Every structure is written in C-alpha cells, then in structure tokens.
Amino acid sequence: MYNMKCRKCLLRDMPEKEFYENMYLYIRNLPEDEKTERTEYENRLAKCRQCSSLLNGMCRECGCFVEMRAAVRVRHCPLSRKRW
C-alpha cells in the first residue's frame, strides 16, 4: 500500500488521487516564510494557464509541476523571458 510519507515512490507507483493529495500536502506544509502569498500564487497560476508550455499541470520548459513551483516564493518561471 502507498504511504503518503514515502519519498522513494515513483509517480507510476502511486494511485493518481494519492499523488495529488501528496502534492497539495507538500504545498500546505511549506514554511510560511518560504510560501508565496496567496494572491501572488493565484497570479502565477493564471499566467501559467495562458502559457503554451503548460501541459497536464507540468511545465514543458523545466518539467516541474507548476502548482508546486509557484507555491515557493523564491522560485520563478523557467522561461528566459520570465512570466513571474
């Protein structure tokens, strides 16, 4: 059985629902001083939604899950002409 605290599971070994729960748990548990403010987070995601590099929640430029990347204050868009 999959354990949400398991750090050695491959994505293909996780049930999809549990994978997404794990991703949102990661975002919720970010230290407040590292977390992007809610308004800025939503602005970042809105820009990602308009980007041609977004595919199934992932950035085709860097391979990250945009919701996770946008949640960390010091992260930025990986494009050379950054959107955020």
Side-chain angles (χ1 to χ4, degrees):
M1 173 155 203
Y2 169 70
N3 177 349
M4 285 184 62
K5 295 185 190 233
C6 175
R7 293 178 181 230
K8 295 188 178 208
C9 295
L10 298 173
L11 292 177
R12 67 175 126 186
D13 297 333
M14 292 184 219
E16 186 174 312
K17 180 180 181 229
E18 290 183 18
F19 167 72
Y20 289 113
E21 287 173 2
N22 196 33
M23 180 175 65
Y24 291 117
L25 179 64
Y26 165 83
I27 293 170
R28 278 193 308 273
N29 288 325
L30 280 171
E32 287 302 316
D33 62 330
E34 294 178 22
K35 197 179 291 188
T36 304
E37 289 184 27
R38 186 70 182 173
T39 304
E40 176 61 19
Y41 177 70
E42 293 301 328
N43 287 336
R44 289 177 175 194
L45 294 181
K47 290 176 182 176
C48 289
R49 282 187 190 102
Q50 301 302 314
C51 183
S52 62
S53 294
L54 180 65
L55 179 66
N56 297 325
M58 292 180 71
C59 175
R60 293 189 297 171
E61 296 296 320
C62 69
C64 75
F65 287 98
V66 298
E67 290 173 82
M68 292 174 79
R69 185 181 195 98
V72 180
R73 185 171 18 126
V74 297
R75 298 282 185 211
H76 55 80
C77 172
L79 293 172
S80 59
R81 188 171 180 177
K82 297 175 181 23
R83 296 174 181 262
W84 47 266

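It should be emphasised that the depicted structure is a prediction, and the values quoted were computed from it without experimental measurement. The first residue in the sequence is number 1, and the count goes up from there.
Take Met58 and apply the side chain to side chain contact (heavy atoms under 4.5 Å, CB included) test, not counting sequence neighbours, and it matches Phe65. Applying the side chain to side chain contact (heavy atoms under 4.5 Å, CB included) test to Cys48 and every residue at least two apart in sequence or in another chain returns Val66, Trp84. Every side chain to side chain contact (heavy atoms under 4.5 Å, CB included) that Cys51 has, sequence neighbours left out, goes to Ser53, Leu79, Arg83. Contacts of Glu32 classified as salt bridge (Lys or Arg N to Asp or Glu O under 4.0 Å), with partners at least two apart in sequence or in another chain: Lys35. Qualifying side chain to side chain contact (heavy atoms under 4.5 Å, CB included) partners for Arg38, counting only residues two or more places apart in sequence or in other chains: Tyr41, Glu42.
Minimum heavy-atom separation, Arg60 to Ser52: NH2-O, 2.6 Å. Across Cys77 and Lys82, no two heavy atoms sit closer than the pair O-CG, 3.2 Å.
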Stepwise, does the side-chain contact (heavy atoms from CB on, under 4.5 Å) test hold for Val74 with Glu34?
CA-CA 7 Å; Val74 297; Glu34 294 178 22; over 6 Å; no
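Inter-residue side-chain proximity for Cys64 and Pro78 is flagged as unmet; no heavy-atom pair is nearer than 4.5 Å.
Here Thr36 contributes atom OG1 and Arg69 contributes atom CZ; the two are 11.0 Å apart, rounded to the nearest 0.5 Å.
For residues 44-58, the set of pairs meeting the salt bridge (Lys or Arg N to Asp or Glu O under 4.0 Å) definition, not counting sequence neighbours, comprises Glu40-Arg44.
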